[in-house]
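Bear in mind that the values here come from a model prediction, so they are computed numbers and not experimental data. Just so we're on the same page: letters track the sequence lines, and every chain starts at 1.
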2 protein chains.
Amino acid sequence: MKTLNELSNELKKKNIRLTHQRLKILEYLYNAKTHPTVEEIYSALKKEVPSLSKTTIYNTLNYLSELNIIKSLIIDENEARFDGVTDNHGHFKCSKCGKIYDFDINMDALAADRLDNFEINEKTVYFKGICSGCLSKI
Amino acid sequence: MKTLNELSNELKKKNIRLTHQRLKILEYLYNAKTHPTVEEIYSALKKEVPSLSKTTIYNTLNYLSELNIIKSLIIDENEARFDGVTDNHGHFKCSKCGKIYDFDINMDALAADRLDNFEINEKTVYFKGICSGCLSKI
DNA sequence: TATTATATTGTAATCATTACAAAGAAAAAA
DNA sequence: TTTTTTCTTTGTAATGATTACAATATAATA
């Protein structure tokens, strides 16, 4: 759980303009562990920040994503998802309940001969299947 | 290079109705190694099959994808890409030239403790960076 | 506080994808 | 082969996520 104060300091350090919207969006992203979509963030914050516009959410997420403060995921078509954790880790999406789980993985061990002389800047790993929760309900 | 004849037999074996469009789309997908988008397939085949509609391409690709005859990729936002090779392999996308390279990778070695008791049906690995061709041009 | 630079907002535009219904083609039956 | 049935193709319109843009509002700075 990060407080608004901690988030403020983080942004200040990086010379990112502090706005109410940015802090709220970041707060939500860090504390929700759901890898939310823009839609989810919008619905969740509308009550607290009634003026909030989706464009702002897109702007903010894209901006922070470029600065590597958050990470955008592409797990399924149609919807971008966002993650407050930028360390490399894998994602698992349950096809039944739709939930996304994080898991640790050693990306350095992922190497490919054919990519010698390539500059690799980003490694992504995701799995799909059925989570233990859904399996136990069958 | 697969011929139309070979493709016909493949579809017949699986009881998939043979149509001119399906064969042409599959032929293109198998022989182009570019992981094309729907747009690319459409532009490439329009001359040969003037009646071809994008809806047909979507229908065909989604259908064959469900049957595991081809594979759909999500490497970047916005556009679905398709791959005639369904064996597990990784994809590398060059941020400079946009080209997508295949590479072999041992997916079985990818395991995560936290996913014990999960049923994993699909593993995806993709990298981003700059390919050797683009690097040598700098 | 006044000024300047940047962010937010709402609306309209864009672009990939899907829904749908009519027309056409392939497979099966006669 | 011809007829019938079933499935596919097509074009158009609808959908839904995302972006462009210009006016307004807010944060940082002097």
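- OP1 or OP2 of C/dT9 sits under 4.0 Å from a side-chain N or O of A/Q21.
- Using a 4.0 Å heavy-atom distance criterion, B/N62 is classed as a sugar-phosphate-only contact.
- One can place CG of A/N59 at 14 Å from C1' of D/dA22, the figure rounded to the nearest angstrom.
- Rounding to whole angstrom units, CG of residue B/L18 and C1' of D/dC7 are separated by 13 Å.
- In this structure, B/Y63 atom OH and C/dT18 atom P are separated by 17 Å, rounded to whole Å.
- For the pair A/L61 CG and D/dT19 C1', the computed distance is 14 Å after rounding to whole Å.
- For B/Y58, a side-chain nitrogen or oxygen approaches OP1 or OP2 of C/dT17 to under 4.0 Å.
- Distance check: A/E39 CD to A/R81 CZ gives 11.5 Å after rounding to the nearest 0.5 Å.
- Side-chain contact between B/R22 and B/I25: absent, with no pair of heavy atoms (C-beta onward) separated by less than 4.5 Å.
- Residues from residues 36-52 of chain A lying near DNA chain D, meaning a heavy-atom separation below 4.0 Å, are absent.
- Atom pair A/I25:CD1 and C/dT8:C1' shows a separation of 10 Å (rounding to whole Å applied).
- Side chains of B/S72 and B/L61 form no contact here, defined as non-hydrogen atoms less than 4.5 Å apart.
- Atom NZ of A/K12 and atom P of D/dA28 are 8 Å apart (whole Å).
- Atom CD1 of B/I57 and atom P of C/dC15 are 18 Å apart (whole Å).
- A 4.5 Å side-chain heavy-atom check between A/L135 and B/N117 finds every atom pair outside the cut-off.
- In this entry the distance linking NZ of B/K54 with C1' of C/dA16 reads 8 Å, nearest Å.
- Between the side chain of B/R17 and the base of D/dT6 there is at least one donor-acceptor pair of N/O atoms closer than 3.5 Å.
- Nearest-nucleotide positions on DNA chain C place B/T55 closer to the 5' end than the other of B/T19 and B/T55.
- Under the 3.5 Å distance criterion, the side-chain polar atoms of B/T56 are left unmatched by any main-chain donor or acceptor of B/L52.
- Using a 4.5 Å heavy-atom cutoff, the side chains of A/E119 and A/N121 are in contact.
- Side-chain atoms of A/H35 and A/D83 include a donor-acceptor pair closer than 3.5 Å.
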